[in-house]
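Residues: numbered from 1 along the sequence shown.
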Amino acid sequence: MATKKTNSKKVTTAKKTTAGEKLTALAAAAKVLSEKRKPMNAKELIEVMAAKKYWISPGGKTPDRTLYAAIVREINKLGKQARFKKSDAGNFTRNK
């Protein structure tokens with residue numbers, strides 16, 4: 001995990017995959033949902049993503065709310081082509 005300073009702020013970057021690219025929060029959430037194969041809410045996703053070091057919040061106060069909003073935006077924008085689908089109130093699964 002790389003850490004760099006920008007404008008006096010400490011920024012932590014995401015873990016690189018074996019191919020060397022960084023996972024975004026949405027890509028990490030999709031990966032977790034594919035591995036777990038069960039509905040999860042945004043808070044659970046953030047916890048697993050951090051534990052597996054797929055993606056770690058750069059210090060935001062509510063990363064789960066940010067992730068939730070990003071997932072909902074993707075679903076609304078891409079519809080059936082989205083990586084996610086809502087399974088029930090606040091929970092998401094991987095779209096097949």
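Partners of E35 under the side chain to side chain contact (heavy atoms under 4.5 Å, CB included) rule, at least two apart in sequence or in another chain, are K31, K52, Y54. Applying the side chain to side chain contact (heavy atoms under 4.5 Å, CB included) test to A69 and every residue at least two apart in sequence or in another chain returns R73.
Of the possible donor and acceptor atoms, one in the side chain of T24 sits under 3.5 Å from a partner among the backbone N and O of A27.
Counting only residues at least two apart or on different chains, the side chain to side chain donor-acceptor pair (under 3.5 Å) pairs with a member in residues 80-89 are Y68-K86, E74-R83, D88-N91.
Of all heavy-atom pairs between A25 and L67, the closest is O-CD1, 4.0 Å. When every heavy atom of V32 is checked against every heavy atom of M49, the shortest pair comes out as CG2-CG, 3.7 Å.
Checked against W55 for a side-chain contact (heavy atoms from CB on, under 4.5 Å), the options L26, I46, L45 give a single hit: I46.
The line from CG of D64 to CD of E44 is 10.5 Å long, rounded to the nearest 0.5 Å. The CZ atom of R94 sits 11.0 Å away from atom CZ of R37, with the distance rounded to the nearest 0.5 Å.
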Stepwise side chain to side chain contact (heavy atoms under 4.5 Å, CB included) test for I71 and F84: CA-CA 7 Å; I71 292 172; F84 310 93; 3.7 Å; yes
